[in-house]
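What you see below is based on every heavy atom in this structure, not just the backbone, and it leaves out hydrogens, waters and symmetry mates. Note that ligands are numbered from 1 as they come in the structure, with each ligand's atoms numbered from 1 the same way.
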Amino acid sequence: MTANISLSQGRAYTAIPGPSVIPDQVLQAMHRPAPNIYAGELVELTHSLIPDLAAVARTSGKTAIYIGNGHAAWEAALANTIAPGEKVLVPATGRFGHGWADIAHGLGAETEIIDFGKSDPWDADRIADALRADTAHSIKAVLAVHVDTSSSVRNDVPALRRVLDDLGHPALLMADCIASLGCDRFEMDAWGVDVTVTGCQKGLMVPPGMSFVFFNEKAQAKRSTMPRVSRYWDWIPRADPQEYYQHFAGTAPTQHIYGLRCALDMIHAEGIEHVWARHERLAQAIWAACDVWGSEGPLQLNVTDPENRSCAVTALRIGAPHGTALRNWTETNLGLTLGIGLGMAAPDDPEWHGFLRLGHMGHVNGQMIMAVLGGMEAGMAALNIPRGRGAVEAAAAVLAGA
Ligand SMILES: *Cc1c(COP(=O)(O)O)cnc(C)c1O
């Protein structure tokens, strides 16, 4: 037997939590010469995106499109609603909560962060305590990350709405659904979310470059009280343009519009409820495999309670140097790229090499998940990482419905 030949030729698979796998149909839809940006198909296509995006977010509110990544949507949501000196409350359950707070700080907001660590969801009682103490209602928004992609913690957004309602606190409820939209169940209006931010490169299956802010009338009322909003971030002309260019405050993201149109068609053909159920079943297969591996080895799911786990991304702890070694091995030998751990340890800390993440968002199916798990099994075998036996079988049983 030849131990050291690489088996990485063939179609590569990047199983990182964003950017996600781009469907061939989306790539093909984008592969075209520059279209007219003043009239015709592109204008109609753009208009057609709005109701379909809103349907994925489950809102009858307004939609503003930005040419930018998730950080742009973070900034856009705040630039329209939070004036310098106003306060925001951030229940952080991983790196991304802190990231959104940083953006708020940069815009001159006062930030109050409640840090729930790197493996636990937020605790609604502690958030309630902070809001109860704010008798002057100086907190103008709660910045809630639905799924924190660094920890793979999924938070209970409706519980946060109940806390605000029970206390009669008027703060806006803003949700970051960048990782979760089109993967984990999310229902903006039914859950009482005032502002939702998301990006196109995760559950929406399009290359990075577009992001979206959905907002309701309560958020628009807060927008109306703002002393000023930068022209570029202002969501009013983007959501209600008088001229086509105002959708984007400039040139349209031409190829992205075609790609997103195609991706939304795919989501609507499958049905959003089915999309959520598919992600849930695939995630359960991953968790089943990880439970078996972890029964006799160092690999552990970062989030203990399945109720608090995202169905889009899975953060794993495996101990240094196994995380980096496994990622390197599967990429070099199998053409399978696993995600780095994020926010768990500083990059210059040896512990940094003890984490990894699996992205399973968007265009993923059963055979892709089995390939990831089988590839990890091969890597752990090659690297002599201790593990329980039967992990791939356990995942197969989940997919078989057994
Ligand atoms: C990916 C992600 C972001 C950041 O998006 P960028 O496109 O990298 O700017 C923010 N929040 C969450 C939850 C994410 O998953």
Decide whether the shortest distance between a heavy atom of Val147 and an atom of ligand 1 is less than 4.0 Å.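 Judged by the 4.0 Å heavy-atom criterion, Val147 does count as contacting ligand 1.
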Take every heavy atom of Trp100, measure it against each atom of ligand 1, and state whether any distance is under 4.0 Å.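 For ligand 1, residue contact (heavy atoms, under 4.0 Å) with Trp100 is absent.
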Please determine if [X] and [Y] form a salt bridge, counting it only when a charged side-chain N lies under 4.0 Å from a carboxylate O.
X: Arg309; Y: Glu307; value: no
X: Asp165; Y: Arg161; value: yes
X: Asp120; Y: Arg126; value: no

Can you sort out which atoms of ligand 1 are near [X], meaning under 4.0 Å from one of its heavy atoms?
X: Trp74; value: 10 (C), 11 (N)
X: Thr149; value: 12 (C), 13 (C), 14 (C), 15 (O)
X: Ala179; value: 15 (O)
X: Gln201; value: 6 (P), 7 (O)
X: Lys202; value: 1 (C), 2 (C), 3 (C), 14 (C), 15 (O)
X: Asn69; value: 6 (P), 7 (O), 9 (O)

Can you tell me how far the CG atom of Leu326 sits from the CG atom of Leu336, to the nearest 0.5 Å?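 That separation rounds to 8.5 Å.
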Atom CG in Leu334, atom CD in Glu331: separation rounded to 0.5 Å?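 Reported to 0.5 Å precision, the distance equals 10.5 Å.
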What residue and atom, counting heavy atoms only, is the protein's closest point to [atom], and at what distance?
atom: atom 3 (C) of ligand 1; answer: Phe96 CE2, 3.4 Å
atom: atom 6 (P) of ligand 1; answer: Gly70 N, 3.3 Å
atom: atom 8 (O) of ligand 1; answer: His71 ND1, 4.0 Å

Distance only, no hydrogens: is a donor on one side chain within 3.5 Å (strictly under) of an acceptor on the other, for Asn333 and Ser6?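 Their side chains do not contain a donor-acceptor pair, so the 3.5 Å distance test is not met.
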Hey, is His146 touching ligand 1 through its side chain, its backbone, both or neither, going by heavy atoms under 4.0 Å?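 Neither part.
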Is Asp176 touching ligand 1 with its side chain, its backbone, both, or neither, if touching means heavy atoms under 4.0 Å apart?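 Only the side chain of Asp176 comes within reach of ligand 1.
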Return yes if some donor-acceptor pair links the side-chain N/O of Asn308 with the main-chain N/O of Pro121 below 3.5 Å, else return no.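 It does not hold such a pair.
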